[in-house]
Amino acid sequence: MATPKPLPAIALGGTLFVPASHKDLETILSGEKYPDLRSVVIDFEDGLAETDRPDALNNLPGTLAGIKENKLLRFIRPQDTAMLETFLVQKHIEKIDGFILPKFGMGNAEEYLSLFPLSVSPFTHFFMPSIESEELFDTQKLQKLREMLLPYREQIVCIRFGAEDMLRQLGLRRVIGKSLYDMLVPSQVIANILATFKPYGFDISAPVFPDFSDKTGFEEEIKEELENGFVSKTIIHPRQIAPMNELYRVTEDELREAKALLSRKDGVMNLGGRMGEAKTQSPWAERILKRAEYFDVV
């Protein structure tokens with residue numbers, strides 16, 4: 001596996017979820033079909049029809065064998081812990097950078113984490129827990145999950161959560177033309193996830209934007225997510241790749257201010273008429289430099 005360690009969440013960019021039964025899976029994984037895509041997930045869980053799962057499992061070894069080396073980051077989302085355990089010993093699994101742990105919660109966290117023993121160093125695969133069940137609404141349970149995950153922080157690329165699963169449990173559906181962050185309870189739940197994990201060194205991936213025909217709405221949601229500290233985003237359609245990459249570029253002003261903040265250890269400065277404080281704003285500045293490194297400057 002050629003992936004550098006540690007793997008910063010910003011390297012993911014837009015993460016395209018592709019059903020494991022997709023007819024072009026091998027060319028997608030080889031970086032040929034979508035050359036500007038940064039990361040991809042082979043989905044064996046909710047994105048795959050039950051009737052397609054047996055064939056997809058049988059075809060996986062051949063698909064992995066045929067992958068051509070490229071810069072694309074590749075992940076697998078298994079159906080459950082049993083399937084993940086099988087994948088970990090699959091031939092050619094070294095061509096996969098890591099796994100998403102679906103429906104990660106109090107009932108299966110220990111079982112999932114037992115498959116990534118801390119005694120094995122260096123580790124062979126990254127992983128991304130995906131919180132999708134009642135833990136989303138329970139701060140104490142979220143904090144318990146955080147404590148369980150802290151020892152694995154270098155191996156965890158980011159924390160994911162299921163926005164559509166959240167809405168299902170609330171009996172809600174997004175209104176066309178409105179952002180998820182405009183909805184009262186979902187916005188509070190998401191803010192709590194950020195507050196629970198972000199200060200402890202975990203990056204949080206932004207949820208899916210389901211209306212892939214709404215380019216303007218997609219772009220506005222990404223801007224809001226960047227302002228609020230999200231890193232990466234689940235995407236579900238190839239037409240979301242280009243705007244995602246474009247909006248993750250930084251402006252020359254942002255880059256200049258970030259460099260100015262990082263040039264000093266303390267004190268305040270004038271940044272175009274606004275206060276710049278080196279100690280408090282350096283984490284923001286470091287994020288800007290990382291975005292510039294991976295996505296360039298406008």
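Here the structure is a predicted model, which is why all the values come from computation and not from measurement. In this chain, residues are counted from 1 in sequence order.
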Checklist entry - Under the side-chain hydrogen bond (donor to acceptor under 3.5 Å, both in side chains) rule, what pairs show up with a residue in residues 144-154, not counting sequence neighbours? => result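 Every candidate side-chain hydrogen bond (donor to acceptor under 3.5 Å, both in side chains) pair involving residues 144-154 fails, so no pair, neighbours aside, qualifies.
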
Next on the checklist: Per the side-chain hydrogen bond (donor to acceptor under 3.5 Å, both in side chains) rule, what does the pair list look like for residues 32-44, sequence neighbours excluded?
Outcome noted: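 Output for this query lists T15-S39, D24-K33, E32-K68, D43-R77.
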
Next on the checklist: Using the ring-ring contact (aromatic ring centres under 6.0 Å, His included) criterion, which residues pair with Y248? Sequence neighbours excluded.
Outcome noted: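 By the ring-ring contact (aromatic ring centres under 6.0 Å, His included) rule, Y248 matches F295.
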
For [X], give me all partners under side-chain contact (heavy atoms from CB on, under 4.5 Å), at least two apart in sequence or on another chain.
| X | result |
| --- | --- |
| S130 | I100, E132, R160 |
| L72 | L37, V40, N70, R74 |
| R239 | F212, S213, H237 |
| K198 | D203, V231 |

Look at the side-chain heavy atoms of Ile, Leu, Val, Met, Phe, Trp and Tyr, link any pair under 4.5 Å apart, and say whether [X] and [Y] land in one connected group.
| X | Y | value |
| --- | --- | --- |
| V298 | I241 | no |
| L226 | L194 | yes |
| M183 | V208 | no |
| F161 | I236 | no |

Item to check | Main-chain N/O of S179 paired to D182 side chain as donor or acceptor, under 3.5 Å | outcome: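 Yes; judged by distance alone, with no hydrogens or angles, the pair exists.
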
Item to check | Any donor-acceptor pair under 3.5 Å from R291 side chain to R249 backbone | outcome: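 Yes.
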
Hydrophobic cluster (4.5 angstrom, side-chain heavy atoms) - remaining members for [X]:
| X | answer |
| --- | --- |
| V268 | M275 |
| L184 | none |
| V250 | L255, L261, L262, M269, L271, W284, I288, L289, V297 |

Checklist entry - CD of Q188: more than 12 outside heavy atoms within 6.0 angstrom? => result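 Enclosed.
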
Checklist entry - How about E85: does its CD atom have over 12 heavy atoms from other parts shown lying under 6.0 Å from it? => result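 For E85, atom CD is not crowded (no more than 12 foreign heavy atoms under 6.0 Å).
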
Item to check | ring-ring contact (aromatic ring centres under 6.0 Å, His included) pairs, two or more places apart, involving residues 58-81 | outcome: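 As it turns out, there is no ring-ring contact (aromatic ring centres under 6.0 Å, His included) pair with a partner in residues 58-81 once direct neighbours are skipped.
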
Item to check | Check: T216/E219 side-chain N/O donor and acceptor closer than 3.5 Å | outcome: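 Looking only at side-chain atoms, E219 and T216 do not form any donor-acceptor pair under 3.5 Å.
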
Item to check | N192 and T139 side chains, donor-acceptor separation under 3.5 Å | outcome: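 Yes.
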
Next on the checklist: With salt bridge (charged side-chain N to carboxylate O under 4.0 Å, His left out) as the criterion, how do K223 and E227 come out once you've worked through the C-alpha distance, each side chain's angles and the decisive distance to 0.1 Å?
Outcome noted: CA-CA 6 Å; K223 292 175 185 176; E227 289 174 3; over 6 Å; no

Return all side-chain donor-acceptor pairs below 3.5 angstrom for residues 112-120, not counting sequence neighbours, or 'none' if the list is empty.
residue	atom	partner	partner atom	Å
Y112	OH	P102	O	3.0
S114	OG	E111	O	2.6

Next on the checklist: Any carboxylate oxygen within less than 4.0 angstrom of a Lys/Arg side-chain nitrogen, looking at E221 and R174?
Outcome noted: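 Salt bridge: yes.
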
Checklist entry - Given the rule in the salt bridge (charged side-chain N to carboxylate O under 4.0 Å, His left out) test, do E164 and R173 qualify, once you have shown the distances and angles that lead to the verdict? => result CA-CA 8 Å; E164 296 302 310; R173 187 187 185 194; over 6 Å; no

Next on the checklist: Set out, in order, the CA-CA distance, both residues' side-chain angles and the distance that settles side-chain hydrogen bond (donor to acceptor under 3.5 Å, both in side chains) for T63 and E26, then state yes or no.
Outcome noted: CA-CA 6 Å; T63 300; E26 189 174 318; 5.0 Å; no

Checklist entry - What about F99 and F126, are their ring centers closer than 6.0 Å? => result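 F99 vs F126: aromatic centres not under 6.0 Å.
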
